[in-house]
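Protein chains get the first letters and strands the later ones, always in sequence-line order, with residue 1 at the start of each. On a predicted model such as this, the values are computed, not experimentally measured, just so you know.
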There are 2 protein chains.
Amino acid sequence: MTAPLHLANPLGDRSSVSQKTFAVMECIGSSGRPLTVSEIAVLLDMPTPTVHRIVHQLEMDGLLVQEAGSRGYVPGPRLFNFALNVFQTAVRHGSKHAILERLSAATGETCNFGIISGGALLYADRVEASWPFGLRYEVGSRVPLHCTSMGKMLLAHQPKRRREHLLSLSDLHAYTDTTMTEIPALEEQFAQIRTQGYSVDNQEFLAGVICAAVPVRDVRGKVCAAVAVSAPQARMPMSVAVQHVPRLLAAAEEISATWAMDEAEEGEDVHARI
Amino acid sequence: MTAPLHLANPLGDRSSVSQKTFAVMECIGSSGRPLTVSEIAVLLDMPTPTVHRIVHQLEMDGLLVQEAGSRGYVPGPRLFNFALNVFQTAVRHGSKHAILERLSAATGETCNFGIISGGALLYADRVEASWPFGLRYEVGSRVPLHCTSMGKMLLAHQPKRRREHLLSLSDLHAYTDTTMTEIPALEEQFAQIRTQGYSVDNQEFLAGVICAAVPVRDVRGKVCAAVAVSAPQARMPMSVAVQHVPRLLAAAEEISATWAMDEAEEGEDVHARI
DNA sequence: CTTCATATTATCAAAATCCGGAATGAAATT
DNA sequence: AATTTCATTCCGGATTTTGATAATATGAAG
């Protein structure tokens, strides 16, 4: 429970069966070729009997099939079908991504869209600037809430109760010497964030990296996500970051608008759609 | 172990955690809209706490995310990425499908590609004839081995040991009055199938349905899959079905040829590809 | 603002599953 | 035929899973 959430789990935990099972499917999916039981065992560093059990189960479920002739396994029909369905729901995702791309083009920097997920900030979408810049926090990564611009923005707009809960899950680790680790100081900043309408990260998580974030509101006006721009200080000092805020706000507004459209499509009974 | 495999499990067993977990993901994927914990519980007929636990775990793993604002969950970035990978491996699958389409056009009937999977015959691919014909065994379905043309073809070419094992798993259920349920009679037919190079199903599984199948061989010449044509007897009496055999053989040969191409691409160290 | 109905999340002891080393069996390679 | 590699089965101890119950949060209605 007091899990070390510091950074994103790079390949996922593997403590539960489900996690191991998904890891096996992911492994086969990303390799793009038939994999044998023992190859999977090596790639995932798991005991052979365990992999065998999982693969066998997945075969019984129609999720994997043995490539005709060879000994390797490939995604089965049911998995293709599942992948297709997941993909079709991506249209919603699409319009948001396009907005981020325009924002990135306008600012010339990397732009992110984040939400709170699992007690941390999840990079739900991102568009990289074309600049050569080593640091890569990919989509799906999780970063701490208390020392990132999007994290602080979202914390600032949580109900007090939930904010306290979220902060209690964190150890408020000091990643750099500007990281804020005291709750009173953070609360003071949250108030300021609510007033000024944007938040910044002045190298509080990664030395040399500056970010600025604005809130994204849902149909009812509640803050539910954030949009941010990030870049090395050398290229984007704080004064420049702040100048991007109006553009960020415009993009956030556009994203909110896409949700209003979604809303119109819905409204049926649960059973009607399946 | 003595599982009733008669027909395909329509929505999959749900005895293990992994199966339940996948069912939850599948449910969200196929609904195409955000689903809440309790909606999922209703749809899958599972206890709410169980669904809650699974969803929470999936959220932690980055596979699901809570749709900004709402309480419903949608596929997360990691799941999109996975779906993309699974899809990319479909190109390989693609060439086989094109061959089946040509075969279906040439014969004017529904054509299938099947393999043995999980002790039954799995429809790994199929192309439907445009004729109006109610019966639909979709891709991913499993049918018995002992009373289908593809099943008998594949059984006939298994090593004796494995064939005995596969038959022992089956209860040799009599689906129609032409179904063969005696091992000696089946063995006799297997010998005939090996000699004549094709197998037929004379309404042994479904009354009124005729099928003919030929073997597909892997690079080393071993039989590893089957191609079949099927249609209602009214349209395709046995005499007509047998006339399609040369076309079937040609298609099987084409499919084998695509594997020879695959083979050329492979041959690297396991670690090189991930 | 308070109350009520509904949905979500936490708890916990019993029960079932999972685990993986070791042994065995099958198949490819030399 | 011998050798090596890979796949599969076994099995009892350890860990996880389970789901009824209860506490809590949310949102609507009064």
Could you give the [atom1]-to-[atom2] distance, from [X] to [N], as a whole number of Å?
{"X": "Asp45(A)", "N": "dG20(C)", "atom1": "CG", "atom2": "P", "answer": "11 Å"}
{"X": "Leu166(A)", "N": "dT9(C)", "atom1": "CG", "atom2": "P", "answer": "13 Å"}
{"X": "Leu64(B)", "N": "dT8(C)", "atom1": "CG", "atom2": "P", "answer": "14 Å"}
{"X": "Ile54(A)", "N": "dC18(C)", "atom1": "CD1", "atom2": "C1'", "answer": "10 Å"}
{"X": "Glu39(A)", "N": "dT5(D)", "atom1": "CD", "atom2": "P", "answer": "15 Å"}
{"X": "Leu35(A)", "N": "dC6(D)", "atom1": "CG", "atom2": "P", "answer": "14 Å"}
{"X": "Met46(A)", "N": "dG20(C)", "atom1": "CE", "atom2": "P", "answer": "8 Å"}
{"X": "Gln66(B)", "N": "dT8(C)", "atom1": "CD", "atom2": "P", "answer": "9 Å"}

Sidechain N-carboxylate O distance under 4.0 Å for Glu253(A), Arg217(A) |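 So Glu253(A) does not pair with Arg217(A) through a salt bridge.
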Hey, is Glu39(B) close enough to Arg33(B) for a salt bridge, meaning N to O under 4.0 Å?
->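 Salt bridge: yes.
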So with a 6.0 Å cut-off around CZ of Arg194(A), is the heavy-atom count from everything else above 12?
-> yes
Check: Gln196(B)/Gln192(B) side-chain N/O donor and acceptor closer than 3.5 Å = yes
Taking 4.0 Å as the cut-off, does a side-chain nitrogen or oxygen of [X] come that near to OP1 or OP2 on [N]?
{"X": "His52(A)", "N": "dT8(D)", "value": "yes"}
{"X": "Arg71(A)", "N": "dA26(C)", "value": "no"}
{"X": "Arg53(B)", "N": "dT18(D)", "value": "yes"}
{"X": "Thr50(A)", "N": "dC19(C)", "value": "no"}
{"X": "Lys20(A)", "N": "dC19(C)", "value": "yes"}

Select from Val17(A) and Ser38(A) the residue whose nearest nucleotide in DNA chain D is closer to the 5' end of that strand.
->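 Of the two residues, Ser38(A) wins.
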With DNA chain D as reference, determine whether Thr48(A) or Ser16(A) sits nearer its 5' end, using the nearest nucleotide of each.
-> Thr48(A)
Cationic tip of Lys96(A) above Phe113(A) ring, under 6.0 Å, 45° of axis =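 Positive - Lys96(A) is close enough to the ring of Phe113(A) and near enough to its axis.
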Sugar-phosphate, base or nothing in reach of Pro49(B), heavy atoms under 4.0 Å |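 Base contact.
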Could you check Tyr73(B) against Gln57(A) and say which one's nearest nucleotide on DNA chain C is further toward the 5' end?
->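 Taking each residue's closest nucleotide, the earlier one in sequence belongs to Tyr73(B).
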From dT9(C), dT18(D), dA7(D), pick the nucleotide closest to the side chain of Thr36(A)?
-> dA7(D)
